[in-house]
Student: 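Attaching a single structure in structure tokens format; questions to follow.
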Protein chains: 2
Amino acid sequence: MADQNPPPANAEQYIGIGELARQSGCKPETVRYYEGIGLLPSAPRNEGNQRRYTATAIRRLTFIRHARDFGFSVEAVRELLQMADHPTMPCEEVDTLAKRHLAEVEARLARLTAVRDELTRMIHQCEGGNIGHCHIIDVLSDHRLCHQAGPHGGADVLR
Amino acid sequence: MADQNPPPANAEQYIGIGELARQSGCKPETVRYYEGIGLLPSAPRNEGNQRRYTATAIRRLTFIRHARDFGFSVEAVRELLQMADHPTMPCEEVDTLAKRHLAEVEARLARLTAVRDELTRMIHQCEGGNIGHCHIIDVLSDHRLCHQAGPHGGADVLR
DNA sequence: CTTGACCCTCTAGTCGCTATAGGTATTAAG
DNA sequence: CTTAATACCTATAGCGACTAGAGGGTCAAG
């Protein structure tokens, strides 16, 4: 149980890694990984060496997940966490980070849109038949058949 | 050089890996990598054990690069190459592959657009000041402040 | 007291390259 | 001819952000 020898009031305040993961929307492995790379502080352990967490950890992990959902890199998240930990500092840096990220997102959007348009075009122009006459294969074989100018996205369009 | 003991006509037909890379828009390392994973056949070697290529290799590598630029995975490219190698087969499979890829691209596009919108919103709503009152940090801390419904993209929005 | 769910560490695998180390080959200039 | 610059070779490790697996230990219920 969790009340074997607790501090007086608020017992039940510690949860295990599985519960933390559930409440913050990620997996236990990921939590351990985040601890390993220092995004989360090393959790205190119980007598059986298992990690115990409080609401603070839930909040921090939720913040991390959310920032990652927005596509911020782990390094960016690390900086955001540091900033969030210093509420009296000016938020210019947060702003800069967010704007830089937005710019990246927009660049990706542009490339991905170009790819979608070209894919759509080449699929529409294919009218069945055999591969020797397949427009899709033709376009892939010969860049000049593309409506786009340069290389579409640089192989990591989707990343 | 190069015509020491050549087959009669068309001497100069072989190029090295650097030239191949230049002509197809990727790096020598990548060419060797593609050979290693079997996307390109093992190139014939000259007496000094260096790879020699012909126009066929340029075409194949260009096809690969182009398909990768479209965001097809290496495995998908492998399938596309197999299909392109059999021009008399029906192009249904090519079609299917391309359509499945398009669907993925569109899904990513949707998620990325949602992320962009939310990022834009949160940046616009931040009016300077300190981090304690920063809207960007607030939104990252509390998913309920988002205008979007579910999780935005699943951490790999940008991938 | 046993079952089964949960948890632990450590290591390796994913994807698509890229970079490095430590060597050999080729080529152009002197 | 020698030399120096460049290109090439293999093999291995690294990137980011996890994920999966092996081989155990812990915990709570029945």
Side-chain angles (χ1 to χ4, degrees), chain A residues 1-5 12 14-40 42-53 61 64-65 67-78 101 104 108 151 153-159, chain B residues 1-4 12 14-40 42-53 61 64-78 104 108 153-159:
Chain A
M1 294 298 178
D3 325 64
Q4 335 182 319
N5 44 7
E12 287 301 287
Y14 287 100
I15 59 175
I17 197 171
E19 188 54 30
L20 171 66
R22 237 163 279 129
Q23 293 203 30
S24 53
C26 50
K27 304 182 186 175
E29 298 90 311
T30 312
V31 177
R32 284 188 285 260
Y33 171 70
Y34 285 158
E35 181 180 315
I37 63 170
L39 271 197
L40 289 174
S42 315
R45 309 294 183 107
N46 69 3
E47 286 162 27
N49 194 36
Q50 303 194 345
R51 292 168 180 84
R52 297 290 104 164
Y53 296 95
L61 187 51
I64 295 170
R65 277 286 340 130
R68 294 283 305 121
D69 283 347
F70 269 103
F72 286 100
S73 72
V74 162
E75 282 319 300
V77 175
R78 200 188 295 279
H101 183 53
E104 242 178 69
R108 268 166 208 283
D156 54 349
V157 168
L158 292 192
R159 317 192 82 239
Chain B
M1 298 297 172
D3 327 59
Q4 333 180 316
E12 287 300 288
Y14 287 101
I15 58 176
I17 196 171
E19 189 54 29
L20 171 66
R22 238 162 279 130
Q23 294 202 31
S24 54
C26 51
K27 305 182 184 174
E29 298 92 307
T30 312
V31 177
R32 285 189 284 260
Y33 171 70
Y34 286 159
E35 181 180 315
I37 63 170
L39 272 197
L40 289 174
S42 315
R45 308 294 181 108
N46 70 1
E47 287 164 26
N49 194 36
Q50 303 194 346
R51 291 169 181 84
R52 298 290 102 165
Y53 295 96
L61 187 50
I64 295 171
R65 277 280 349 126
H66 205 185
R68 294 283 304 123
D69 283 347
F70 270 103
F72 286 100
S73 72
V74 163
E75 281 321 299
V77 174
R78 199 189 297 278
E104 242 179 69
R108 269 168 205 283
D156 55 349
V157 170
L158 293 192
R159 311 193 73 236

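Every chain is numbered from 1, with letters handed out A, B, ... down the list of sequences. All heavy atoms count here, side chains included; hydrogens, waters and symmetry mates do not.
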Student: In this structure, how many angstroms lie between the P atom of D/dT19 and the CD1 atom of A/I37, rounded?
Tutor: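 Checked: the CD1 to P distance equals 12 Å.
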Student: Is there a donor-acceptor contact under 3.5 Å from the side chain of B/R68 to the main chain of B/V77?
Tutor: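 No; judged by distance alone, with no hydrogens or angles, the pair does not exist.
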Student: Among C/dC17, D/dA17, D/dC9, which is the nearest nucleotide to the side chain of B/T30?
Tutor: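 Nearest to the side-chain atoms of B/T30, counting from C-beta on, is C/dC17.
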Student: About how many Å separate OH of B/Y33 and CG of B/L39, when rounded to the nearest 0.5 Å?
Tutor: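 So the gap between those two atoms works out to 8.0 Å.
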Student: Grab the CG-P distance between A/N49 and C/dC6 for me, whole Å please.
Tutor: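 Rounded to whole Å, this separation is 19 Å.
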Student: Closest-nucleotide mapping onto DNA chain C: is B/G48 or B/E75 further toward the 5' terminus? I mean the 5' end.
Tutor: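 Nearest nucleotide further toward 5': that of B/E75.
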Student: What's the closest nucleotide to the A/R68 side chain, out of D/dC18, C/dC7, C/dT9?
Tutor: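 Output: D/dC18.
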Student: Heavy atoms only, 4.0 Å cut-off, all strands: where does B/R52 land among base, sugar-phosphate and nothing?
Tutor: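 Since no nucleic acid heavy atom lies under 4.0 Å of B/R52, the category is nothing.
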Student: From the set C/dA19, C/dG16, C/dC8, return the single nucleotide nearest to any side-chain atom of B/V74.
Tutor: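 The closest nucleotide is C/dG16.
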Student: Taking NZ, NE, NH1 and NH2 as the nitrogens, is one of them in A/R32 or A/E35 under 4.0 Å from a carboxylate oxygen of the other?
Tutor: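 Judged by the 4.0 Å cut-off on N to carboxylate O distance, A/R32 and A/E35 do not form a salt bridge.
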Student: Using a 4.5 Å cut-off on heavy atoms from C-beta on, say whether the side chain of A/R45 contacts that of A/R51.
Tutor: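 Yes - at least one pair of side-chain heavy atoms lies under 4.5 Å apart.
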Student: If you only use heavy atoms from C-beta on, which nucleotide in D/dT19, C/dT26, D/dC18 is closest to the side chain of A/E29?
Tutor: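 For A/E29, the side-chain atoms sit closest to D/dT19.
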Student: Of the options D/dC18, C/dC17, D/dC8, whose atoms approach the side-chain atoms of B/R32 most closely?
Tutor: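 Selected nucleotide (nearest to the side chain): D/dC8.
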Student: Look up atom OH in A/Y53 and atom CG in A/L20, then write down how far apart they are to the nearest 0.5 Å.
Tutor: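 Atom-to-atom, A/Y53:OH and A/L20:CG are 6.0 Å apart.
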Student: Would you say B/Y34 places a side-chain N or O within less than 4.0 Å of OP1 or OP2 belonging to C/dC17?
Tutor: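 For C/dC17, OP1/OP2 do have a side-chain N/O of B/Y34 under 4.0 Å.
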Student: Quick one: which of D/dC9, C/dC8, D/dT19 gets closest to the side chain of A/I17?
Tutor: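 Selected nucleotide (nearest to the side chain): C/dC8.
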Student: From the options C/dT9, D/dT10, D/dC18, select the nucleotide whose nearest atom is closest to the side chain of B/R51.
Tutor: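 Comparing C/dT9, D/dT10, D/dC18 against the side chain of B/R51, the answer is D/dT10.
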Student: Quick check for you: among C/dC17, C/dC8, D/dA7, whose closest atom lies nearest to any side-chain atom of B/Q50?
Tutor: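 Per side-chain heavy atoms of B/Q50, the pick is D/dA7.
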Student: Could you check which of D/dA17, D/dG25, C/dT18 has an atom nearest any side-chain atom of B/K27?
Tutor: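 Looking only at side-chain atoms, B/K27 lies closest to C/dT18.
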Student: If the cut-off is 4.0 Å, is A/R78 near the phosphate of D/dG16, judged by side-chain N/O to OP1 or OP2?
Tutor: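 Negative; the distance criterion is not met.
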